[in-house]
Student: 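So that we are looking at the same thing, I have put the structure below in structure tokens.
Lettering follows sequence order; numbering is per chain, from 1. Since this is a predicted model, take the numbers as computed values, not measurements.
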Number of protein chains: 2
Amino acid sequence: MEDELRALQESIEGLKRSLPVSDHHDSISEMQQRVGRIMSLVKSSGGRRSKVKELSAEVVDSNPYSRLMALQRMGIVENYERIRNFSVAIVGIGGVGSVAAEMLTRCGIGRLLLYDYDTVELANMNRLFFRPDQVGMTKTDAAVQTLSDINPDVVLESYSLNITTVKGFDTFIESLKRRKPEEDGRSSGVDLVLSCVDNYEARMVVNQACNELNQTWMESGVSEDAVSGHIQLLVPGETACFACAPPLVVASGVDERTLKREGVCAASLPTTMGVVAGLLVQNALKYLLKFGQVSPYLGYNSLKDYFPTMEMKPNPQCSNSACLERQKEYIQAKPARDALAKAKLEAESSSQTECPLHMDNEWNISVVDDSEAETSNHSRKPDALPEGLVRELPNADKYQEPPVSGGISAINDDLEELQRQLDALNSA
Amino acid sequence: MEDELRALQESIEGLKRSLPVSDHHDSISEMQQRVGRIMSLVKSSGGRRSKVKELSAEVVDSNPYSRLMALQRMGIVENYERIRNFSVAIVGIGGVGSVAAEMLTRCGIGRLLLYDYDTVELANMNRLFFRPDQVGMTKTDAAVQTLSDINPDVVLESYSLNITTVKGFDTFIESLKRRKPEEDGRSSGVDLVLSCVDNYEARMVVNQACNELNQTWMESGVSEDAVSGHIQLLVPGETACFACAPPLVVASGVDERTLKREGVCAASLPTTMGVVAGLLVQNALKYLLKFGQVSPYLGYNSLKDYFPTMEMKPNPQCSNSACLERQKEYIQAKPARDALAKAKLEAESSSQTECPLHMDNEWNISVVDDSEAETSNHSRKPDALPEGLVRELPNADKYQEPPVSGGISAINDDLEELQRQLDALNSA
């Protein structure tokens, strides 16, 4: 639009020059002012921020990363800036995938690869992310449009294709493999694949690709009645793959498309999908940035706010041959894994030096030797209390002292006085 | 912008008329074409859908409510269309409140009241919803801009004010009270208040207003280290109010602003805030549309994916006098509540008629009397098996039959034969 406006400015300028001076001068300068105003309106509505070179932790309103870098100061993440080195692929840019992509974009992920073959419809407007003015665009293009405005630092790759076709699968796996020259030696060019698709066929395809590439991935799903969902971590060879314990529809070989009835659609809610996307990307951040516990499986039953968890070992009779290969490799690598874990443990225990846990001790808290403190306590005079404290009862030593002379007779006096009062009451 | 463009079109038209025919004709018609193209670009980029009169369950791509109305067909919600009758107030349009507002807008809520006094900053871009081009706008105005584009059916009210000031509180409570004429008799004009603020002072103000108006509300919060959060339901008189068990900072009367240090900000993540917003609005939908179990309290610990729940009764020594009044009313209303519950239970049990639970029985499943089935089983001949089944062992009755004649001698013959073979092997 800005190009059109600039061309219009030039046309008006040209017209002005070709007309005799003072002829129509007012109407032309009015037109020029109008175009100027439209130009500034266009510019202000498309105001994108410029790219940043380094993530700064500076606490100023203009720093889009200050609240993320604060995770380091709070001791949650050791090195947040590493996020810029990671590539994540998201398959399925629907109700879950689009929100997952936005979350990762706002977190400042390095590179996002987006896969979908669908276009935006008004029927998608009951979930977060897409806008009515994007209806008709491919979901990947619409996502790139929105995400690049939100964070120009993220490298976005858009693949509008169906991964369940032969050609689509080839492009899918080739794009996952593509990597920077310095990453040689790895079979995959991404650090994590997030599956956010809505059918089993596509899940089996993602499973196949990740088993072949030995690529860790996370799966997500939302039920047809919109009120429950789940996320799952899949590490080839180490955990169950999607084919290790396939859903009944997959195991029985039924074409799931034949199960859908004409004029009937699944329900969906922005809440359930937002929660599942949040749990998925949180798990992805924990996995990539190494904090907290990465969940192997987490369910979400929204009717009861119940969150089941479980773990699934790979199936030695899995129907997926690439899974069986990864299982074999995982078992063969056990001695090396154990040795590494042992070495790490030893290194950690030997690195525990004498320096204090918290270097900056702003409250001046210091640790005092217990035995010394006890000794000094004992040497203190028994009746010496800290300033401002008084004893409600005499201390134990006092009770063992012989009663002061006249003590007993004083008590007797009180009893005689009480007896007198009682007699007086009775006789009254 | 469209007004400016229309005025520009008229100026060009006027200029064309005032010039001699054929003079500069080409350059002017070129300018007109350019303006036409800019006009269509402006219109397409601001493409808003028109309002709908009734929520339709029709399954077509152009229906923004088809996936929500499907909740009825799935048996989750009895009457989804009721959502258009509800008014919800959201206090605090930050990382949680803005996403909650978007979710309710996409669900087609009737009316949304938005309260915040802050402006959008680049430092907010690590959470969902606001866009960099909105920097500098008030959060409520920016929210109305985005939300009205997403769903023009929702009535949006924007209050850019600080509810913790005397004037702000008055406007806050007056706006909550305002209601349609047909709603007379209620003290509040909204159905639910969602608190999404980031400080205790504002929470105490929402608490005060809701106790005064006898208004049910839900509270939400995210920890300063960005990795945990919670939601809570507060029903005046019935559950604990925010002052019944106040946080230490509130109870000790410290001004929490003095606790914040210069140059230090809280961490935040779009994931945690998205999950908390999702859980909050899901609970709100369950409360408003009467499905599932409304959670009294739900925590979210993202490091361990742990979701604690609890319930809190009101404190008879609460410092909030409006809370004490509501508690008294709640206790006094107990007999009426019990009678209503009893009547409802009786009405339900008497309405259980003879018609089947599922009217449409597409699988033709029918219930057969147990006793009859057993009788017919017994009358069946013992050796009659369903077609395709064979017995691997004779049935128990057969074992009790006397062995057939010659049975024992046949076994003896086999033993003699075996003995012969063994002898032959030994002698070999």
Student: I'd like to know whether CD of Gln32(A) has more than 12 heavy-atom contacts from other residues, nucleotides or ligands below 6.0 angstrom.
Tutor: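 Yes, enclosed.
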Student: For Thr271(B) and Leu280(A): C-alpha separation, side-chain torsions, deciding distance, then whether side-chain contact (heavy atoms from CB on, under 4.5 Å) applies.
Tutor: CA-CA 9 Å; Thr271(B) 45; Leu280(A) 177 70; over 6 Å; no
Student: Test Asp61(B) against Thr119(A) for side-chain contact (heavy atoms from CB on, under 4.5 Å), laying out the working first.
Tutor: CA-CA 10 Å; Asp61(B) 288 342; Thr119(A) 52; over 6 Å; no
Student: With a sphere of 6.0 Å drawn around CD of Glu78(B), does it hold more than 12 non-hydrogen atoms of other residues, nucleotides or ligands?
Tutor: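 Result for CD/Glu78(B): open.
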Student: Step by step, work out the side-chain contact (heavy atoms from CB on, under 4.5 Å) result for Leu128(A) and Phe129(B).
Tutor: CA-CA 9 Å; Leu128(A) 297 179; Phe129(B) 193 75; over 6 Å; no
Student: So which of Ser18(B), Gly75(B), Gly14(B), Gly108(B) has the largest heavy-atom pair count under 4.5 angstrom toward chain A?
Tutor: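 If we count pairs closer than 4.5 Å to chain A, Ser18(B) comes out on top.
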Student: So for Leu298(B), is it side chain, backbone, both, or neither that comes closer than 4.5 Å to the heavy atoms of chain A?
Tutor: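 It is the side chain, since no backbone atom gets that close.
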Student: Taking C-beta and beyond as the side chain, do Leu15(B) and Ile28(A) meet within less than 4.5 Å on heavy atoms?
Tutor: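 Leu15(B) vs Ile28(A): side chains touch.
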Student: Given side chains that start at C-beta, do those of Ser11(B) and Glu30(A) come closer than 4.5 Å, heavy atoms only?
Tutor: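 The answer is yes, as the side chains (C-beta and beyond) meet within the 4.5 Å cut-off.
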Student: Check the pair Asp133(A) / Asp149(B) against side-chain contact (heavy atoms from CB on, under 4.5 Å), numbers first and verdict last.
Tutor: CA-CA 8 Å; Asp133(A) 63 87; Asp149(B) 276 348; 5.6 Å; no
Student: If I measure from the heavy atoms of chain A, does Ser27(B) come under 4.5 Å with its side chain, its backbone, both, or neither?
Tutor: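 Only the side chain of Ser27(B) comes within 4.5 Å of chain A.
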Student: So which residue, Gly274(B), Ala277(B), Ser66(B), Ser302(B), ends up with the most heavy-atom pairs under 4.5 Å with chain A?
Tutor: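 Ranked by contacts with chain A, first place is Ser302(B).
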Student: Should Met31(A) and Ile12(B) count as side-chain neighbours, where that means a heavy-atom distance under 4.5 Å?
Tutor: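 Side-chain contact under 4.5 Å: yes.
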Student: Please look at Phe130(B) and chain A and tell me whether the side chain, the backbone, both or neither of the residue comes under 4.5 angstrom of a heavy atom of that chain.
Tutor: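 The backbone, not the side chain.
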Student: Please find the pair of heavy atoms, one from Pro64(A) and one from Met125(B), that lie closest to each other, and give the distance.
Tutor: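 So the minimum-distance heavy-atom pair works out to CB-CB, 4.3 Å.
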Student: Does the distance from a Lys or Arg side-chain N to an Asp or Glu carboxylate O, for Asp305(A) and Lys286(B), drop under 4.0 Å?
Tutor: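 Looking at Asp305(A) and Lys286(B), the cut-off is met.
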Student: Between Ala123(B), Ala226(B), Ala266(B), who has the most heavy-atom pairs with chain A when the cutoff is under 4.5 Å?
Tutor: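 So the answer, after comparing Ala123(B), Ala226(B), Ala266(B), is Ala123(B).
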Student: Could you grab the distance from atom CD of Glu10(A) to atom CZ of Arg34(B), nearest 0.5 Å is fine?
Tutor: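 These two atoms lie 8.5 Å from each other.
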Student: Please state whether the side chain, the backbone, both or neither of Ile76(B) comes within less than 4.5 Å of a heavy atom of chain A.
Tutor: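 The side chain, not the backbone.
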Student: So for Thr272(B), is it side chain, backbone, both, or neither that comes closer than 4.5 Å to the heavy atoms of chain A?
Tutor: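 When you check distances to chain A, atoms from both the backbone and side chain of Thr272(B) fall under 4.5 Å.
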Student: Quick one: does Asp225(B)'s side chain get under 4.5 Å of Leu71(A)'s, heavy atoms only?
Tutor: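 With C-beta onward as the side chain, the pair stays apart.
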Student: Heavy-atom pairs under 4.5 Å with chain A: which of Gln72(B), Met74(B), Glu58(B) has the most?
Tutor: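 Result: the option with the highest number of such pairs is Met74(B).
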Student: Mark yes or no for whether Arg67(A), through its side chain, and Ala267(B), through its backbone, hold a donor-acceptor pair below 3.5 Å.
Tutor: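 Answer holds: no.
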Student: Gln282(B) and Tyr300(A): side-chain donor and acceptor closer than 3.5 Å?
Tutor: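 Judged by distance alone, the side chains do pair up.
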Student: Could you have a look at Val294(A), Val275(A), Asn301(A) and say which one has the most heavy-atom pairs with chain B under 4.5 angstrom?
Tutor: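 Highest number of heavy-atom pairs under 4.5 Å: Val275(A).
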Student: Do Cys107(B) and Asn126(A) make a side-chain contact, defined as non-hydrogen atoms from C-beta onward lying under 4.5 Å apart?
Tutor: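 No, side chains not in contact.
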Student: When you compare the side chain of Leu269(B) with that of Leu285(A), does any pair of heavy atoms fall below 4.5 Å?
Tutor: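 Side chain of Leu285(A) against side chain of Leu269(B), heavy atoms only: contact under 4.5 Å found.
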Student: Would you say the side chain of Arg127(B) lies within less than 4.5 Å of the side chain of Arg106(A), judging by non-hydrogen atoms?
Tutor: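 No; the side chains remain at least 4.5 Å from each other.
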Student: For chain B, which candidate among Gln293(A), Met69(A), Met103(A) shows the most heavy-atom pairs at distances under 4.5 Å?
Tutor: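 Among Gln293(A), Met69(A), Met103(A), the one with the most close pairs to chain B is Met103(A).
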Student: So for Val60(B), is it side chain, backbone, both, or neither that comes closer than 4.5 Å to the heavy atoms of chain A?
Tutor: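 Backbone only.
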Student: Which region of Val281(B), side chain (C-beta onward) or backbone (N, CA, C, O), has a non-hydrogen atom less than 4.5 Å from a non-hydrogen atom of chain A, or is it both or neither?
Tutor: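 Both the backbone and the side chain of Val281(B) come within 4.5 Å of chain A.
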Student: Among Arg131(B), Lys304(B), Met273(B), which residue has the highest count of heavy-atom pairs closer than 4.5 Å to chain A?
Tutor: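 Most heavy-atom pairs within the cutoff with chain A belong to Lys304(B).
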